[in-house]
Amino acid sequence: MSTIDKRNIPFTVDHVGSFLRPERLKTAREKFFSGDITKEQLRVVEDEEIEKLIEQEKRVGLHGITDGELRRSFWHLDFLEHLNGVEGYVPEGGYNQQFHGKEAPSYNIRVTGRISFNKNHPFLEDFAFLKDKVENDENAIAKTSVPSPNMILRQELLANDGSTKVHEIYPDLTDFYHDLAQTYKDVIKAYYEKGCRYLQFDDTNWAFLADANKRKEMQEKGIEPTGVAQICRDIINEALEDKPDDLVLTTHICRGNHASSWLFSGGYEPIAKELFATNYDGFFLEYDSERSGDFAPLRYWNNPNSKIVLGLVTSKFPELESKEEIKKRIHEATEYVPLENLSISPQCGFASTEEGNQLTEKEQWEKINLLQEVASEVWGN
């Protein structure tokens with residue numbers, strides 16, 4: 001049984017959640033989708049590869065152990081399409097967001113009815129498998145991530161392909177916002193009852209709202225980005241209202257991550273006030289490139305019971321960052337956040353979609369080892 005103190009989560013070296021898919025798993029998934037193997041046969045391969053991954057995570061010194069999202073095609077759509085009132089579909093014009101330098105697979109979600117949590121959501125059993133494999137290690141805790149409720153809001157109100165029916169389903173949008181919050185209250189409750197004590201909401205919506213081009217597009221449509229950010233803040237805080245004290249719930253803010261490509265640019269300044277007014281226990285923030293801006297928005301962080309996780313190492317490319325540069329940037333961040341409230345991680349997952357980023361598994365683990373070396377020198381871990 002884990003003896004980890006929740007006050008240490010996020011860990012000094014942590015990670016977002018996804019890891020590169022092994023070739024054996026990729027082959028098995030191809031065989032399943034072509035009808036050559038059954039879902040049960042695919043599940044066996046997934047289980048075996050997840051067990052291998054768990055052991056590798058432990059070997060590199062990670063304490064928050066995930067299943068690498070190895071069962072998922074997308075970091076978000078696989079989860080969202082299994083909520084009540086949401087369906088997955090293939091857009092006529094392809095996926096409605098084009099990454100820089102890479103076209104994403106043609107698949108998306110849309111709201112078809114009042115949204116609520118599906119108590120038979122398949123991800124719950126996926127977590128139960130992970131927890132069973134991790135819980136006997138006192139130095140490890142099972143961590144899982146789900147997409148934020150704000151991902152549904154963005155899809156229906158800010159970045160839809162014209163097929164949304166949300167205004168017909170919810171003539172009063174305050175009912176939409178409340179249903180999103182209630183659905184995620186139920187998500188939290190369901191995971192907690194499965195034994196989850198480390199849960200993360202992944203959220204590209206904040207980066208969308210911070211991107212200057214996207215803000216301009218919204219304003220041209222008569223949408224005020226700051227007002228949307230305030231709504232997103234309120235949805236999150238309503239969802240977290242009943243969070244148990246011994247559950248650590250963090251968020252990860254991403255600018256898009258598919259096959260080493262990205263979607264959005266811009267620092268956190270336009271949304272920092274609203275973001276840091278959410279009642280999360282930790283904030284995983286991308287800080288691996290100039291697209292992420294500087295640390296000044298951290299001045300809005302004011303919760304000494306939460307942590308800021310600096311994503312100073314990129315998961316997109318294999319080149320290793322300079323240890324001295326990472327340490328320098330950690331020191332810069334302490335102008336706004338005390339060292340004891342800082343952690344470090346890769347800036348994003350290594351495979352937010354099953355294709356994965358453009359580096360090898362060996363290079364992936366070298367990134368984690370680099371973070372461990374830096375942590376040892378900075379925090380004395």
Side-chain angles (χ1 to χ4, degrees), residues 16-17 74-81 83 86 95-100 104 108-111 115 145-161 164 166 170 173 176-181 183-184 187 199-219 221 223-240 249-258 262-280 282-286 291-293 297 300 309 311 347-349 352-353:
V16 170
F74 300 90
W75 65 274
H76 57 327
L77 302 179
D78 299 49
F79 179 87
L80 296 174
E81 70 179 348
L83 298 175
V86 179
Y95 192 85
N96 71 329
Q97 294 186 98
Q98 296 300 313
F99 286 76
H100 291 262
N108 215 329
I109 58 102
R110 60 189 169 199
V111 173
I115 300 169
S145 62
V146 297
S148 161
N150 293 334
M151 297 305 301
I152 303 176
L153 179 147
R154 188 181 94 210
Q155 177 56 33
E156 294 303 306
L157 300 182
L158 306 177
N160 69 80
D161 61 2
T164 180
V166 70
Y170 292 101
L173 286 177
F176 176 48
Y177 308 147
H178 173 72
D179 279 3
L180 288 175
T183 297
Y184 274 75
V187 168
L199 180 63
Q200 179 174 294
F201 287 180
D202 292 334
D203 201 336
T204 64
N205 187 59
W206 293 106
F208 178 94
L209 293 172
D211 185 292
N213 290 329
K214 297 301 180 184
R215 293 176 71 83
K216 182 180 178 182
E217 289 175 10
M218 282 186 277
Q219 288 166 340
K221 295 176 182 178
I223 301 171
E224 177 47 53
T226 299
V228 177
Q230 292 166 349
I231 291 168
C232 292
R233 172 201 63 200
D234 294 344
I235 290 171
I236 293 299
N237 285 341
E238 184 180 348
L240 300 185
L249 213 160
T250 63
T251 190
H252 170 240
I253 313 305
C254 178
R255 289 168 178 78
N257 188 51
H258 166 65
W262 51 276
L263 279 169
F264 312 122
S265 278
Y268 299 94
E269 187 66 31
I271 48 86
K273 185 176 180 180
E274 290 76 26
L275 172 63
F276 293 124
T278 56
N279 297 322
Y280 285 114
F283 300 83
F284 285 73
L285 304 178
E286 289 191 319
R291 288 189 299 105
S292 303
Y300 288 103
V309 187
Q347 125 281 342
C348 196
S352 299
T353 58

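- Considering CG of Asp203 and NE2 of His252, their distance stands at 10.0 Å, rounded to 0.5 Å.
- Counting heavy atoms from C-beta outward, Pro149 and Phe201 have side chains that approach closer than 4.5 Å.
- Glu286 is listed as a side-chain neighbour of Tyr268, based on a closest heavy-atom distance under 4.5 Å.
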### Task
Tell me, with the steps shown, if Tyr300 and Glu269 meet side-chain contact (heavy atoms from CB on, under 4.5 Å).
CA-CA 9 Å; Tyr300 288 103; Glu269 187 66 31; 3.8 Å; yes
### Trace of the side-chain contact (heavy atoms from CB on, under 4.5 Å) decision for Met218 with Leu158
CA-CA 7 Å; Met218 282 186 277; Leu158 306 177; 3.9 Å; yes
### Task
Would you check, one step at a time, whether the test side-chain contact (heavy atoms from CB on, under 4.5 Å) holds for Ile231 with Tyr177?
CA-CA 8 Å; Ile231 291 168; Tyr177 308 147; 3.7 Å; yes
### Task
Any chance you could lay out the side-chain contact (heavy atoms from CB on, under 4.5 Å) test for Phe79 and Val187, step after step, and finish with the verdict?
CA-CA 11 Å; Phe79 179 87; Val187 168; 4.1 Å; yes
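- Contact detail for Arg233 and Thr278: the closest heavy-atom pair is CA-CG2, 3.9 Å.
- To the nearest 0.5 Å, atoms CD1 (Ile152) and CD1 (Ile115) are separated by 4.5 Å.
- The CG atom of Asn150 lies 10.0 Å from the CZ atom of Arg154; values are rounded to the nearest 0.5 Å.
- Between Glu156 and Ile109, the closest heavy-atom pair is OE2-O, 4.1 Å.
- Distance OH/Tyr184 to CG/Leu83: 5.5 Å, rounded to 0.5 Å.
- Within the model, atoms OG1 of Thr250 and OH of Tyr280 stand 8.5 Å from one another, a figure rounded to the nearest 0.5 Å.
- To the nearest 0.5 Å, atoms CG (Asp234) and CG (Leu180) are separated by 12.5 Å.
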